[in-house]
2 protein chains.
Amino acid sequence: MKKISEAVVRRLPIYLRFLNELHVRNIQTISSRDFGERLGMNPAQIRKDLNYFGEFGKKGIGYDVPYLIEKIQQILKLDQTIHVALVGAGNLGHALCNYNIYLKSNMKITAVFDDFPEKVGSQINNLIVQPMSELTKTVQSQAIRIGIITVPASEAQNVADAFVKAGVEAILNFAPSIIKVPQEIKVHHADFTTELHSLAYYLD
Amino acid sequence: MKKISEAVVRRLPIYLRFLNELHVRNIQTISSRDFGERLGMNPAQIRKDLNYFGEFGKKGIGYDVPYLIEKIQQILKLDQTIHVALVGAGNLGHALCNYNIYLKSNMKITAVFDDFPEKVGSQINNLIVQPMSELTKTVQSQAIRIGIITVPASEAQNVADAFVKAGVEAILNFAPSIIKVPQEIKVHHADFTTELHSLAYYLD
DNA sequence: TAGATTGTTAATCGATTAACAATC
DNA sequence: TAGATTGTTAATCGATTAACAATC
């Protein structure tokens with residue numbers, strides 16, 4: 001299979017979310033034209049993106065919404081349960097644990113870690129905060145595949161190293177710092193300080 | 001001046017953060033080669049990016065760190081005080097209010113809004129949560145220029161509309177939904193659900 | 001001066017969009 | 001059938017990288 005560019009992969013979750021909205025509103029079929037219109041995207045791009053993975057549409061008709069949802073979920077591997085661990089039980093960590101996303105997909109934060117003594121043992125939702133010394137054991141016993149980092153920048157690399165050693169396959173880093181990992185580990189950054197700073201450029 | 005692409009603007013805060021690290025470590029000069037090495041980027045790209053805005057380097061020497069910091073801050077308008085408002089005093093809103101970014105730049109969250117009766121009047125740091133009915137008045141009296149949305153997806157468009165009406169120039173949307181605004185308003189999305197979902201694609 | 005490194009053009013690479021034959 | 005819309009190629013557009021003259 002030809003290599004799919006990251007730009008394409010990043011659009012799939014946006015497509016999926018939109019399709020779920022359509023589904024809730026009982027819309028059965030969508031054309032790439034309407035699809036693009038609603039998302040502010042070029043319809044050819046949407047057709048091309050989807051076509052990397054298969055022929056999901058019907059000529060003259062469009063795309064069947066429930067079918068396309070199913071297909072994109074498969075592509076993104078969201079049809080299987082994916083366990084996620086989070087390190088850093090601060091405000092941001094709490095916010096993420098409480099978020100409802102995980103209900104829609106089968107992604108779920110199943111373990112939380114922090115090394116501050118006053119945090120260890122405390123409860124977030126139904127999860128008990130564990131010390132970092134438990135990380136490897138828990139990642140392995142719970143088959144955790146994705147790690148989220150919500151610690152200060154100065155600690156991010158240490159946490160990343162611990163995640164990699166424990167065997168996670170991907171990391172979402174919220175700390176405002178670049179982390180180095182082996183190339184087979186996928187890292188995304190979700191750093192709102194850089195978002196805010198780049199927004200400032202566009203002020204008059 | 002030629003139009004600067006968004007890709008370039010998004011890299012500037014990353015450069016700035018790295019330069020600040022160098023500055024803290026008392027490093028006075030950096031070449032684009034070392035710069036690129038440390039950030040995993042092509043040195044020509046860094047030179048080209050910076051050169052859109054001026055000739056900040058010295059041939060044969062490299063870039064003066066404090067000078068380049070100053071210049072990038074000017075480009076990003078981070079040399080002036082920028083007031084930010086946040087709507088949605090939930091967990092995520094709390095996390096952002098507590099974040100320390102704002103100390104490094106002159107960006108500061110100076111007002112928080114929420115329409116839940118039990119939230120209104122409560123205190124976050126030294127800010128009192130105001131009802132949405134106060135938004136326009138406060139945005140104008142405090143000269144707020146950027147709005148942050150941390151409400152559920154179903155409310156995001158309403159909040160965006162209120163921000164636009166009140167006169168903000170840019171919006172950072174954390175809700176997992178696309179918001180429509182007039183084209184002169186700049187919007188960035190900081191949606192970690194799509195980040196997590198696209199990460200899943202790369203799992204084995 | 002010689003070595004290093006920028007600024008910048010030209011070449012390459014990749015992503016987006018237009019166009020249209022195929023076909024429902 | 002006629003109209004609509006996909007799948008997909010070709011054209012365009014834009015971003016990244018290589019290369020090198022200028023110069024500190």
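So that the names make sense, note that chain A is the first sequence line, chain B the second, and so on, each numbered from 1.
When rounded to the nearest whole Å, the span between CD of A:Gln45 and P of D:dT12 equals 19 Å. Taking atom CD1 of A:Ile46 as the reference point, atom P of C:dA18 lies 13 Å away to the nearest angstrom. As a whole-Å value, the separation of A:Glu6 CD from C:dG14 C1' is 14 Å. Nucleotide D:dA22 holds its P atom 14 Å from the CD atom of B:Glu55, rounded to whole Å. Between the CZ atom of A:Phe53 and the P atom of D:dG7 there is a distance of 14 Å, given to the nearest Å. Between the CZ atom of B:Arg33 and the P atom of C:dG7 there is a distance of 17 Å, given to the nearest Å. Atom-to-atom, CG of B:Asn51 to P of D:dA19 comes out at 20 Å; the value is rounded to the nearest Å. If you take OH of B:Tyr63 and P of C:dA4, they are 18 Å apart, rounded to a whole angstrom.
Comment: B:Asp161 does not engage B:Lys180 in a salt bridge, judged by the lack of any side-chain N to carboxylate O separation of less than 4.0 angstrom. Using a 4.0 Å cut-off between charged side-chain N and carboxylate O, A:Glu55 and A:Arg47 make no salt bridge.
Ranked by how close their nearest DNA chain C nucleotide is to the 5' end, A:Arg47 and B:Asp34 are led by B:Asp34.
The distance between the ring centers of B:Phe35 and B:Phe18 falls below 6.0 angstrom.
The side-chain contact (heavy atoms from CB on, under 4.5 Å) test applied to A:Pro152 returns A:Ser154, not counting sequence neighbours.
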Item to check | Dot-bracket line, read 5' to 3' along DNA chain D, where crossing pairs take [ ] and | marks a partner on another strand, Watson-Crick or G-U under 3.5 Å | outcome: ..||||||||||||||||||||||

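A pairwise comparison of heavy atoms in B:Asn173 and B:Ala156 identifies OD1-CB, 4.2 Å as the closest pair.
Taking the side chain of A:Lys59 as heavy atoms from C-beta on, and the options C:dA19, D:dG7, D:dA19, the nearest nucleotide is D:dG7. Which of D:dT6, D:dA22, D:dA10 sits closest to the side chain of A:Lys48 comes down to D:dA10. Across C:dG7, D:dT6, D:dT17, the shortest atom-to-atom separation from the side chain of A:Ser32 is found for D:dT6. Considering only the side chain of A:Ser5, C:dA15 comes nearest among C:dT5, C:dT17, C:dA15.
Residues A:Ile46 and A:Pro43 form no side-chain contact, since every pair of their non-hydrogen atoms from C-beta on lies 4.5 Å or further apart.
Heavy atoms of A:Phe35 sit nowhere under 4.0 angstrom from any nucleic acid atom.
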Checklist entry - Under the salt bridge (Lys or Arg N to Asp or Glu O under 4.0 Å) criterion, do B:Arg17 and A:Asp191 qualify, and how do the steps go? => result CA-CA 12 Å; B:Arg17 194 171 65 202; A:Asp191 174 8; 2.4 Å; yes

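Neither OP1 nor OP2 of D:dT16 sits under 4.0 Å from any side-chain N or O of B:Asn42. Neither OP1 nor OP2 of D:dA15 sits under 4.0 Å from any side-chain N or O of B:Arg10.
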